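So the structure is just underneath, and the comments pick up after that.
Just so you know, these numbers come straight off a predicted model, no measurement behind them. Letters go in sequence order (proteins before strands), and every chain restarts at 1.
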There are 2 protein chains.
Amino acid sequence: MIPLSDRGLEFSHLLIEVFRVNGLLLAAGDELAAPAGLTSARWQVLGVVDHGPTTVAEVARTMGLTRQAVRQTAASLVRDGMVVLQDNPDDRRAKRLALTPRGRSALREVERRQAAWANELAARISLAEIQAVTGTLRDLGDLLEDR
Amino acid sequence: MIPLSDRGLEFSHLLIEVFRVNGLLLAAGDELAAPAGLTSARWQVLGVVDHGPTTVAEVARTMGLTRQAVRQTAASLVRDGMVVLQDNPDDRRAKRLALTPRGRSALREVERRQAAWANELAARISLAEIQAVTGTLRDLGDLLEDR
DNA sequence: CGCAGATTGACAAGTACCTGTCAAAATACG
DNA sequence: CGTATTTTGACAGGTACTTGTCAATCTGCG
């Protein structure tokens with residue numbers, strides 16, 4: 001058995017907290033999005049499309065997901081009339097996703113809720129602490145990305 | 001539009017890092033588990049069952065998941081001969097999951113890899129930093145749990 | 001003891017991701 | 001110009017979760 005070093009052990013606690021906070025954040029996001037008829041995934045796609053009509057492949061690259069994942073979410077947004085497909089003169093295969101008025105108002109509603117929620121939570125943790133955690137997590141992420 | 005406060009904005013960056021690190025950790029876990037014929041989910045279930053034969057409902061409570069999620073993972077472990085179902089004299093409905101020799105050796109293999117991986121990563125971040133991040137994330141998690 | 005209520009596993013269906021494969025369309029290049 | 005390569009959306013199928021429902025069984029209480 002290879003034993004865990006002190007740091008390794010403390011590191012395991014960090015992992016557990018990351019998983020826990022991630023789960024809680026996802027749940028909070030869904031709660032914020034639900035009253036507008038959205039989920040976290042749908043909200044994120046709408047957020048990207050809000051910057052201008054975009055193809056599925058482009059949205060996927062922006063979000064760091066596969067085309068297939070975005071395709072499914074986009075299809076459900078089209079079904080619900082929050083997004084429409086526009087012909088794309090630049091590429092006959094790839095239609096552009098564009099917000100409908102309904103999609104736009106749903107997005108605005110969630111953004112309003114999200115801003116209030118983030119401000120409220122942020123008020124309870126010091127700026128220095130938030131920045132320190134963000135920095136360390138960024139380093140850890142870079143480390144993980146480098147294998 | 002409710003504007004994001006400075007802290008609120010910095011907080012948003014923190015969210016993004018949590019999501020990113022979470023995704024990278026999940027990928028790393030799957031990579032660690034794959035050579036042993038496991039996934040992160042299967043590995044976690046085996047880890048709980050390693051403490052002694054347990055019912056699906058008990059494992060679910062331990063892991064903070066639903067019975068249904070654990071049920072599916074457990075079924076796949078049974079299919080692959082890593083776990084067997086034992087009759088439970090205390091409750092005729094709820095059979096106990098128990099490790100087979102094959103399940104045990106797969107678990108040991110992943111645990112060996114995981115310890116080496118955690119030690120290596122932990123060596124690149126100071127103990128103080130790890131503890132600080134863990135503490136802040138724990139606070140944030142508690143805040144989120146209180147709504 | 002007997003019954004109401006809680007717990008359990010099974011089943012169905014849904015969300016959010018993934019990989020692999022395919023044909024059509026766009027692009028790069030000799 | 002034409003062909004090789006890349007990109008794209010669609011489709012199939014898989015993993016890991018969720019909620020809701022059901023009947024069987026266990027438990028607590030009057």
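- Note: CD (B:Glu58) to P (C:dA6) measures 20 Å, nearest angstrom.
- Partner A:Leu97 forms a side-chain contact (heavy atoms from CB on, under 4.5 Å) with one of A:Val48, A:Leu85, A:Thr55 and no other, that one being A:Leu85.
- Judged by distance alone, the side chain of B:Ser76 and the main-chain N or O of B:Thr73 form a donor-acceptor pair under 3.5 Å.
- Between A:Arg71 and the phosphate of D:dG9, there is no side-chain N or O to OP1/OP2 separation shorter than 4.0 Å.
- Tracing side-chain contacts under 4.5 Å through hydrophobic residues (I, L, V, M, F, W, Y), one never reaches B:Val84 starting from B:Leu46; they form parts of separate clusters.
- With rounding to whole Å, A:Asp90 atom CG is found 13 Å from C:dT27 atom C1'.
- One side chain, B:Asp30 or B:Ser40, offers a donor N or O that lies under 3.5 Å from an acceptor on the other.
- Following rounding to the nearest Å, B:Met63 (CE) and D:dT18 (C1') show an atom-to-atom distance of 14 Å.
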Let me see the working for B:Val18 and B:Leu14 under side chain to side chain contact (heavy atoms under 4.5 Å, CB included), right down to the final yes or no.
CA-CA 6 Å; B:Val18 170; B:Leu14 175 54; 4.1 Å; yes

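- For the pair A:Leu97 CG and D:dT8 C1', the computed distance is 13 Å after rounding to whole Å.
- In this structure a side-chain-to-backbone donor-acceptor pair under 3.5 Å is present from A:Arg102 to A:Asp80.
- Across C:dG9, C:dC18, D:dT8, the shortest atom-to-atom separation from the side chain of B:Thr55 is found for C:dG9.
- Note on A:Arg67: every side-chain N or O is 4.0 Å or more away from OP1 and OP2 of D:dG9.
- The separation between A:Asn22 atom CG and D:dA16 atom P is 16 Å, rounded to whole Å.
- Judged purely by atom type and a 3.5 angstrom limit, B:Arg42 has no side-chain atom pairing as donor or acceptor with the backbone of B:Ala33.
- Between the side chain of B:Gln68 and the base of D:dG20, a donor-acceptor pair under 3.5 Å is found.
- Nearest heavy atom pair, residue A:Ala57 against residue A:Arg67, reads CA-CG, 3.9 Å.
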Between protein and nucleic acid, restricted to nucleotides 23-25 of chain C and to nitrogen or oxygen atoms under 3.5 Å apart, what atom pairs and distances do you find?
unit_1	atom_1	unit_2	atom_2	d
C:dA25	N3	A:Arg93	NH1	3.1

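- B:Glu31 has its CD atom 15 Å from the C1' atom of C:dT19, to the nearest Å.
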Evaluation steps, side chain to side chain contact (heavy atoms under 4.5 Å, CB included), between B:Phe11 and A:Asn119:
CA-CA 8 Å; B:Phe11 185 69; A:Asn119 286 344; over 6 Å; no

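- Whole-Å rounding puts the B:Gln44 CD to D:dT15 P distance at 17 Å.
- Of the possible donor and acceptor atoms, one in the side chain of B:Thr100 sits under 3.5 Å from a partner among the backbone N and O of B:Met82.
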I'd like a list of close polar pairs between nucleotides 14-16 of chain C and the protein, N/O only, cut-off under 3.5 Å.
unit_1	atom_1	unit_2	atom_2	d
C:dA16	OP1	A:Thr39	OG1	2.4

Could you write out each protein N or O paired with an N or O of nucleotides 2-5 of chain C at a distance under 3.5 Å?
none

Passes side chain to side chain contact (heavy atoms under 4.5 Å, CB included), B:Asp90 versus B:Arg96? Steps please.
CA-CA 10 Å; B:Asp90 292 346; B:Arg96 292 209 182 97; 3.4 Å; yes

